[in-house]
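A quick write-up on the structure given underneath.
The basis for the numbers below is simple: all heavy atoms, side chains too, and nothing from hydrogens, waters or symmetry mates. Please read these numbers as outputs of a predicted model, since none were measured by experiment. FYI, the numbering just counts along the sequence from 1.
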Amino acid sequence: LIDVLSQTITIAEYHVAVENLKEADIAISPDVSQVGFWQYNNARQAISLGEQAARNALANDKVIRLLQ
C-alpha cells in the first residue's frame with residue numbers, strides 16, 4: 001500500500017515538474033537515485049548531490065552562455 005501511495009505521489013510530482021520545466025532556461029537534475037522517498041535522514045546527502053550537480057552545470061560552457 002505504501003509503495004502504491006509513493007508511486008502515485010511521484011507521478012503527480014513528475015507532471016508538475018514537467019509543466020514547470022517548460023518555462024525554465026536551464027534544468028539541473030541531480031542523481032538522487034540512492035536516496036529513497038521516505039529517507040528523510042539522507043537529506044544532507046540529497047542536498048550535497050544537488051549542490052554538486054549545480055556546480056557541474058555551472059562549469060559547463062554551454063550553460064554559462066545560456067545565462068548571459
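- Side-chain atoms of V32 and Q45, non-hydrogen and from C-beta on, never get closer than 4.5 Å to each other.
- Between T10 and Y14 the shortest side-chain heavy-atom distance does not fall below 4.5 Å.
- Side-chain N/O atoms of N56 and Q52 include a donor and acceptor closer than 3.5 Å.
- T8 places a side-chain N or O within donor-acceptor distance of the main-chain N or O of V4, the cut-off being under 3.5 Å.
- With rounding to the nearest 0.5 angstrom, the CG atom of L21 is 7.0 Å from the OG atom of S29.
- Residues meeting the side chain to side chain donor-acceptor pair (under 3.5 Å) test with S33, sequence neighbours left out: D31.
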